[in-house]
Student: 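Sharing a structure, written as structure tokens. Questions coming.
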Protein chains: 2
Amino acid sequence: MSNIREHILQTTCNLMEKQGYHGTGLNEIVKESGAPKGSLYHYFPEGKEQITAEAVWQSGRMTAKRIQNGVSGGSNAAKAIHDFILNIADHVETSGFAAGSPLTAVAMETATKSERINLACREAYTLLETAFKEKLLESGFTKTKAEELGTFITATVEGGIILSRTYHSGNPLRTVAKHLKVLLSQ
Amino acid sequence: MSNIREHILQTTCNLMEKQGYHGTGLNEIVKESGAPKGSLYHYFPEGKEQITAEAVWQSGRMTAKRIQNGVSGGSNAAKAIHDFILNIADHVETSGFAAGSPLTAVAMETATKSERINLACREAYTLLETAFKEKLLESGFTKTKAEELGTFITATVEGGIILSRTYHSGNPLRTVAKHLKVLLSQ
DNA sequence: GTCTATAATACGATAGAC
DNA sequence: GTCTATCGTATTATAGAC
């Protein structure tokens, strides 16, 4: 796959995790990525919607992988999930308060405005929920419980990201990590 | 206080809980509110930032009040918070998947772009966290625990709103409500 | 206080040369 | 594949009449 194409997608992720969908312009993506300006519509003939949908989807796949690889042994979901969230907390602070993924902002902005992007966001969230669920299954949770907790954990992390970005501090995410660990260790 | 002014703020809340900050234009606010077009900059001389900051702040105050009044007796925080979230779940579905408040979307979009709106979002979230905390204190939680859980609950609700909007279903919020109740009943 | 008209700018998208 | 130039349409904000 083209290098430039990948780089445009990565830049889109980086910008949208700070500014969201409407707050990020195509001119900004071109400029920031350093990609040849004429090539944007060559690689993404369907424009901004296509770029965003692909960026969201790719970001979801990468985040899910990070959850899966959290603890290789897989015997302790509580610790794996705890560490995963602490990593996001650090990232928020070291990146100038980026969200770690474009998903949170883009999902909110486009939920009722673009069917295509909304579909990509659903798929991305389902990947995250499933990754958490698998971790919990490995640790001995029942199927129903693992499924519901997968949703619960995803919601809590997303909300923690919003609070940490708003307060310009990783602490809300750290509080979330701490209490999720207690909940999952019981 | 002016009736028109209040109506402009209310309309801004309604639009931004669906479309966010950048997705909502001033023209749209004027048109939707039916307010006299010439009066927008009369009541809000500092423009969109001022309108948004005030809308966010007002919305935070109203939501905090709804949490406080959830259960008048105040003896059962778990049930009060559970019911509060179920109400949001219903609202998301009956409103065509609005967020219940402009806070979630606006906070994400403006966290690093507008200091003024960011400050309003912080104050609004602090109001929510405090409202949850007070409910927990009334139910006998220790001060430290009530404080941390106030943050945890706020994060979980905000994340639940994102998931429910994305999936076009109140069910993620209902899952959140269920497991929060279990957590708080122990 | 409210109106219309418009300034000034940014946006997404496209055309056509090379 | 990549370029520049530009179209058409949004946006926020302001000016000036009434």
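Just the heavy atoms: all of them, side chains too, but no hydrogens, waters or symmetry mates, feed the values below. Throughout, protein chains are lettered first and strands after them, A, B, ... in sequence-line order, and every chain is numbered starting at 1.
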Student: Could you name each residue pair satisfying salt bridge (charged side-chain N to carboxylate O under 4.0 Å, His left out) that touches residues 34-52 of chain B, not counting sequence neighbours?
Tutor: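 Non-adjacent pairs meeting salt bridge (charged side-chain N to carboxylate O under 4.0 Å, His left out): B:Glu46-B:Arg116.
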Student: Quick one: list whatever passes salt bridge (Lys or Arg N to Asp or Glu O under 4.0 Å) with B:Arg122, sequence neighbours left out.
Tutor: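 With sequence neighbours excluded, B:Arg122 shows a salt bridge (Lys or Arg N to Asp or Glu O under 4.0 Å) to no residue whatsoever.
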Student: Under the salt bridge (Lys or Arg N to Asp or Glu O under 4.0 Å) test, which residues partner A:Arg61, sequence neighbours left out?
Tutor: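 In terms of salt bridge (Lys or Arg N to Asp or Glu O under 4.0 Å), with neighbours along the sequence ignored, A:Arg61 is linked to no residue.
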Student: Suppose we screen for ring pair (Phe, Tyr, Trp, His ring centres under 6.0 Å). Which residues come up paired with B:His7, at least two apart in sequence or across chains?
Tutor: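 Counting only residues at least two positions away or on another chain, B:His7 forms no ring pair (Phe, Tyr, Trp, His ring centres under 6.0 Å).
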Student: According to the salt bridge (charged side-chain N to carboxylate O under 4.0 Å, His left out) rule, which pairs have a member within residues 176-185 of chain A, sequence neighbours left out?
Tutor: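 Pairs touching residues 176-185 of chain A that pass the test: A:Lys178-B:Glu148.
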Student: Name all residues meeting the salt bridge (Lys or Arg N to Asp or Glu O under 4.0 Å) criterion together with A:Lys65; count only those two or more places apart in sequence or in a different chain, and write none if there are none.
Tutor: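 For A:Lys65 there are no salt bridge (Lys or Arg N to Asp or Glu O under 4.0 Å) partners, ignoring immediate neighbours.
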Student: Can you list everything that forms a salt bridge (Lys or Arg N to Asp or Glu O under 4.0 Å) with A:Lys113? Sequence neighbours excluded, please.
Tutor: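 A:Lys113: no salt bridge (Lys or Arg N to Asp or Glu O under 4.0 Å) contacts found.
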Student: Looking at A:Glu115, I'd like to know if its CD atom is crowded, meaning that more than 12 non-hydrogen atoms belonging to other residues, nucleotides or ligands lie closer than 6.0 Å.
Tutor: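 It does not: A:Glu115 CD has 12 such atoms or fewer within range.
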Student: Assign A:Ile51 to base, sugar-phosphate, or nothing according to its heavy-atom contacts below 4.0 angstrom with the strands shown.
Tutor: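 No contact.
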Student: Determine: side-chain N/O of B:Tyr43 to OP1/OP2 of C:dT2, distance under 4.0 Å, yes or no.
Tutor: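 Yes, such a contact exists.
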Student: Among residues at least two apart in sequence or on other chains, which ones pass ring pair (Phe, Tyr, Trp, His ring centres under 6.0 Å) with A:Phe97?
Tutor: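 Partners of A:Phe97 by the ring pair (Phe, Tyr, Trp, His ring centres under 6.0 Å) criterion, ordered by chain and then number, come out as A:His168.
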Student: Looking at residues at least two apart in the chain, or sitting in another chain, which of them share a ring pair (Phe, Tyr, Trp, His ring centres under 6.0 Å) with A:Phe132?
Tutor: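 With sequence neighbours excluded, A:Phe132 shows a ring pair (Phe, Tyr, Trp, His ring centres under 6.0 Å) to A:Phe84, given in chain and number order.
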Student: Please give me every residue in residues 102-120 of chain B whose heavy atoms get under 4.0 Å of an atom in DNA chain C, ordered by residue number.
Tutor: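 Within residues 102-120 of chain B, no residue comes under 4.0 Å of DNA chain C.
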Student: Between the two ends of the helix from C:dG1-D:dC18 to C:dC18-D:dG1, what is the bend in degrees, rounded to 10 degrees, where each end axis spans five pairs?
Tutor: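 Overall, the helix from C:dG1-D:dC18 to C:dC18-D:dG1 bends by 10° from one end axis to the other.
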Student: Treating primed atoms plus P, OP1 and OP2 as sugar-phosphate and everything else as base, which nucleotides of nucleotides 12-18 of chain D get B, S or - for protein heavy atoms under 4.0 Å?
Tutor: BBB----
